[in-house]
Amino acid sequence: MWCVTSEPVFLADCRARLAFDLLGNTWNCVVLWALRHGPRRPGQLRGRIGGISQKVLTETLRRLEFNGLVARRSYGGSPPRVEYELTALGRTLLEPIDAFGAWAFEHGDEVMAAQDDYARDASARDGQTREA
């Protein structure tokens with residue numbers, strides 16, 4: 001398997017960990033998915049992505065650009081205009097992101113039920129601890 005040694009441990013410099021880090025950030029995947037149909041201006045992205053602040057969007061776009069997944073284009077004029085679009089490398093992540101989305105659609109209710117069960121059990125445990 002990718003970067004696993006004979007022991008079941010991921011190496012510190014494993015490239016799979018890089019991929020997990022990129023996909024593990026909620027906003028990375030959401031922004032990449034929002035760019036799948038072509039270039040967008042930051043305001044258009046915010047309109048397509050509920051709950052993201054301008055600051056978080058800017059940080060996310062910079063992180064994606066740093067990793068070669070998004071390209072930034074500046075256009076002159078008054079006012080100046082900026083657009084972001086997926087690079088060829090960024091497009092390679094659309095299939096895994098789509099697979100994660102399909103998994104979430106299929107199993108989301110189960111995950112939320114497990115969270116509810118855990119919270120209910122934790123409340124019960126906390127109540128028992130206080131009584132003791």
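Along the sequence shown, residues carry numbers from 1. Predicted, not measured: the structure shown is a model, and the values here were computed from it.
Between Trp33 and Leu94, some side-chain heavy-atom pair lies under the 4.5 Å cut-off. At least one side-chain heavy atom of Asn28 sits less than 4.5 Å from a side-chain heavy atom of Thr60. Leu32 has its side chain within reach of Val70: a pair of non-hydrogen atoms, C-beta onward, lies under 4.5 Å apart. Side-chain contact check for Ile97 versus Arg36: every heavy-atom pair is 4.5 Å or farther apart.
Rounded to the nearest 0.5 Å, atoms SG (Cys29) and CG (Leu64) are 9.0 Å apart. For the atom pair CG (Asn67) and CG (Leu18), the distance works out to 6.5 Å, reported to the nearest 0.5 Å. In this structure, CZ in Arg73 is found 4.0 Å from CD in Glu85, a value given to the nearest 0.5 Å. Between Arg46 atom CZ and Thr58 atom OG1 the span is 8.5 Å, to the nearest 0.5 Å. With rounding to the nearest 0.5 angstrom, the CG atom of Leu61 is 10.5 Å from the CD atom of Glu59. The distance from atom CG of Leu69 to atom OG1 of Thr87, rounded to the nearest 0.5 Å, is 5.5 Å.
For Asp116, the CG atom sits in a packed shell: over 12 heavy atoms of surrounding residues, nucleotides or ligands are nearer than 6.0 Å. Counting heavy atoms of neighbouring residues, nucleotides and ligands inside a 6.0 Å radius, atom CZ of Phe66 does not exceed 12 of them. Residue-environment remark: CD (Glu95) stays at or below the threshold of 12 foreign heavy atoms within 6.0 Å.
Considering only residues two or more places apart in sequence or on other chains, Arg40 meets the side-chain contact (heavy atoms from CB on, under 4.5 Å) condition with Leu35, His37, Gln44, Leu45, Arg48.
Partner of Arg72 under the side chain to side chain contact (heavy atoms under 4.5 Å, CB included) criterion, out of Arg62, Glu83, Glu65: Glu65 alone.
In this structure, Leu93 is not a member of the same hydrophobic cluster as Phe20, with clusters built from ILVMFWY side-chain heavy atoms closer than 4.5 Å. Residues Val111 and Leu23 are members of separate hydrophobic clusters, defined by side-chain heavy-atom contacts under 4.5 angstrom among Ile, Leu, Val, Met, Phe, Trp and Tyr.
When all heavy atoms of Pro42 and Tyr84 are compared, the closest pair comes out as CG-CE1, 3.8 Å.
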